[in-house]
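In what follows, a single structure is set out as structure tokens and then discussed.
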Amino acid sequence: MKKKKLSILGSTGSIGVSTLQVVERYPERFKILGLTAGQNRVLLEEQIERFKPDVVSLSDEGAAGELKKKRSGLDILSGVEGLIGVATIPEVDMVVSALVGAVGLVPTMSAIRAGKDIALANKETLVMAGDIVMKEAYERGIKILPIDSEHSAIFQCIQGHRHEDIKKLILTASGGPFLNLSTAMLKKVTPQEALKHPNWKMGPKITIDSATLMNKGLEVIEAHYLFGIDVDRINILLHPQSLIHSAVEFKDGSIIAQMSLPDMKGPISYALSYPERLESDMPSLDLAAAGSLTFIEPDPERFPCLILAYAAIREGGTLPAVLSAANEVAVELFLENRIEFIDIPAIIKETMDDHKSSGVYRHRPELDDILDADRWARDEVLKKVQSLKLKIK
């Protein structure tokens, strides 16, 4: 069996680590050629020892230089150019896009243009530039296989069914750690409390997005582009048990759902091996022990980020990129205790409201327009927060 050759963008994050666990379980099927990391040089060095890649990249040029002193025979890159280099290694068959935030867009697009299939965990790639990305992938015959558990679930549910028979998509959400908190209590939550997700082990940014439900709003936009379904036919249900990862309703009233224990190695394995399925070392879901499954419609007043995400994709243009960038900066500020939890959606809304009158708004953007809008939104958030006289470096 020919090994599938992989590059992993973001190998030291939670998705990257889980991907390498899958690869390690199936050494006869997969070969790692490229890895990238942010600041975690120690973990990257451990991964280099175990998986023997040909090319690696670190975000920091200085850290990359230090690594070069220790690894003279390894091709070591840095910065955005390093990400692109790892994403476009000629021999690579598939790129796992597991970076967090807007930084994932350019290397993922570069991988598509280089003819690589994509296992996609980076939501921002499609949130910011879904039209452009999907058009490029279609024209080049590139497969984009979702790693997000919700999109993987939908992808599995629609296999063997006609697109025209789909009535709606149902994205499930755990509701995060504050599902039952009152609006008044949300004003007092701390980053430490927000990072305690009840079901999933994820990176800090995505965990906060789960607490605000922005994560689900971004997934609505991503699902719109991945599956070609109008946003008004994509619904969200809170499902605290996190056992049904999403579902599809067909025009005859049938609903097909995908269920499993909450472990990202499942959707990762499916993306890497599609259309096959790999035998799993995860425990089976015990339906008899699972107990009751509950579903709740989200309250938009308690989760205003959902309203903002739907508004952004309905408007289109560069507004989804602004939504994504403003959220990314606001979450970082919250994690640094510089704004309150309830400030996150307020700041995003103000930034979105101002964008259409800005000089960088574009209704039919090119990639450069999207990147300009991303930069504009980041600067605008900092200006707004500074005007509130909050603590900003």
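As the structure is a computational prediction, the values presented were derived from the model and not from experiment. Values reported hereafter were calculated over all heavy atoms of this structure, with side chains retained and with hydrogens, waters and symmetry mates removed.
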ask   = Glu193 side chain to Thr190 main-chain N or O, any donor-acceptor pair under 3.5 Å?
value = yes
query = Hey, is the main chain of Glu49 close enough, under 3.5 Å, to the side chain of Lys52 for a donor-acceptor pair?
reply = yes
inquiry  = Looking at Glu91 and Lys5, is any side-chain nitrogen of the basic one under 4.0 Å from a carboxylate oxygen of the acidic one?
reply    = no
message = Tell me if the CD atom of Glu61 is crowded by more than 12 foreign heavy atoms within 6.0 Å.
response = no
ask   = Is any side-chain heavy atom of Asp148 less than 4.5 Å from a side-chain heavy atom of Pro267?
value = no
Ion pair check, Lys356 and Glu315, cut-off under 4.0 Å = yes
query = Hey, are Lys123 and Glu150 close enough for a salt bridge, meaning a charged N less than 4.0 Å from a carboxylate O?
reply = no
task = Please examine the side chains of Lys116 and Lys143, heavy atoms only from C-beta on, and report whether any two atoms are closer than 4.5 Å.
result = no
request  = Evaluate the ring planes of His363 and Tyr361, with Trp represented by its six-membered ring, and classify them as parallel (under 30°), tilted (30 to 60°) or perpendicular (over 60°).
outcome  = tilted
message = I want to check something: taking the side chain as every heavy atom from C-beta on, are Arg113 and Arg140 in contact at a cut-off of under 4.5 Å?
response = yes
Donor-acceptor pair, side chain of Thr172 and main chain of Ile244, under 3.5 angstrom = yes
task = Return the minimal non-hydrogen interatomic distance between Leu74 and Asp54, and the atom names on each side.
result = CD1-O, 3.4 Å
note = The single option from Val96, Thr19, Leu35 that satisfies side chain to side chain contact (heavy atoms under 4.5 Å, CB included) with Ser11 is Leu35
ask   = So, for Ala87 and Ala111, which heavy atoms are closest and what is the spacing to 0.1 Å?
value = O-CB, 3.5 Å
query = With a 3.5 Å cut-off and no angle check, do the side chains of Thr108 and Ser97 form a donor-acceptor pair?
reply = yes
ask   = Parallel, tilted or perpendicular for Phe227 and His151, by the 30°/60° rule?
value = parallel
message = Is it the case that over 12 heavy atoms from other parts of the model lie below 6.0 angstrom from the CD atom of Glu301?
response = no
query = Between Ile370 and Ile132, is a side-chain contact (heavy atoms from CB on, under 4.5 Å) present by the stated rule, with each step listed?
reply = CA-CA 10 Å; Ile370 290 167; Ile132 297 171; 3.7 Å; yes
task = Step through the shown structure and confirm whether more than 12 heavy atoms of other residues, nucleotides or ligands are within 6.0 Å of CD on Gln21.
result = yes
message = Regarding Asp281 and Lys265, does a basic nitrogen lie under 4.0 Å from an acidic carboxylate oxygen?
response = no
key: Expected output: side-chain Asp372 to main-chain Asp369 donor-acceptor under 3.5 Å   = no
query = Side chains of Asp131 and Arg364: does their closest heavy-atom pair fall under 4.5 Å?
reply = no
Between Glu328 and Ser324, a side-chain donor and acceptor under 3.5 Å = no
key: Minimal non-hydrogen separation, Glu297 against Leu237, with atom names   = CG-CD2, 3.9 Å
inquiry  = Any side-chain to backbone donor/acceptor pair from His245 onto Ala153? Under 3.5 Å, distance only.
reply    = no
query = So do the side chains of Lys251 and Ile166 get within less than 4.5 Å of each other, counting heavy atoms only?
reply = no
query = Do Ile32 and Ile8 have side chains that get closer than 4.5 Å, going by heavy atoms?
reply = yes
ask   = Is any side-chain N of the basic residue among Arg378 and Asp374 closer than 4.0 Å to the acidic one's carboxylate O?
value = yes
Side chain to side chain, Leu293 and Leu243, heavy atoms closer than 4.5 Å = yes
inquiry  = I'd like to know if the side chain of Thr212 reaches the main chain of Asp209, judged simply by a donor and an acceptor atom lying under 3.5 Å from each other, with no hydrogens or angles considered.
reply    = yes
query = Any ion pair linking Lys4 and Asp93 (charged N to carboxylate O, less than 4.0 Å)?
reply = no
query = Taking atom types as modelled and ignoring hydrogens, do the side chains of Gln241 and Thr294 form a donor-acceptor contact shorter than 3.5 angstrom?
reply = yes
request  = Could you walk me through whether Thr318 and Val360 pass the side-chain contact (heavy atoms from CB on, under 4.5 Å) test, one step at a time?
outcome  = CA-CA 8 Å; Thr318 47; Val360 295; over 6 Å; no
request  = Kindly determine whether Leu120 and Leu145 satisfy side-chain contact (heavy atoms from CB on, under 4.5 Å), including the steps that lead there.
outcome  = CA-CA 6 Å; Leu120 185 65; Leu145 301 164; over 6 Å; no
query = If you take all heavy atoms of Ser57 and Leu83, which pair is closest and at what distance?
reply = OG-N, 3.8 Å
query = Salt bridge or not for Lys70 and Glu45, using N-O below 4.0 Å?
reply = yes
message = Angle between ring planes, Phe295 versus His239, binned at 30° and 60°: parallel, tilted or perpendicular?
response = parallel
ask   = Is there a donor-acceptor pair under 3.5 Å between the side chain of Ser210 and the backbone N or O of Ile206?
value = yes
query = Between Leu195 and Leu335, does a side-chain contact (heavy atoms from CB on, under 4.5 Å) hold up when you go through it step by step?
reply = CA-CA 9 Å; Leu195 288 170; Leu335 287 170; 4.1 Å; yes
ask   = Should Lys216 and Leu171 count as side-chain neighbours, where that means a heavy-atom distance under 4.5 Å?
value = yes
message = To the nearest 0.5 Å, what is the distance between CZ on Arg29 and CG on Leu6?
response = 11.5 Å
query = Is a side-chain donor or acceptor of Arg233 paired with a backbone partner of Lys167 at a separation under 3.5 angstrom?
reply = yes
query = For the residue pair Gln39 and Ser59, what are the closest heavy atoms and their distance?
reply = NE2-OG, 3.2 Å
inquiry  = Determine whether a donor-acceptor pair (N or O, by modelled atom type, separation under 3.5 Å) exists between the side chain of Gln258 and the backbone of Ser246.
reply    = no
remark   = Closest non-hydrogen atoms of Leu238 and Gly175, given as atom of the first, atom of the second and distance, are CD2-CA, 4.1 Å
ask   = Rounded to the nearest 0.5 Å, what separation is found between the CG atom of Leu306 and the CG atom of Leu213?
value = 5.0 Å
request  = Measure from the side-chain N and O atoms of Ser358 to the backbone N and O of His355, and report whether any donor-acceptor pair falls under 3.5 Å.
outcome  = yes
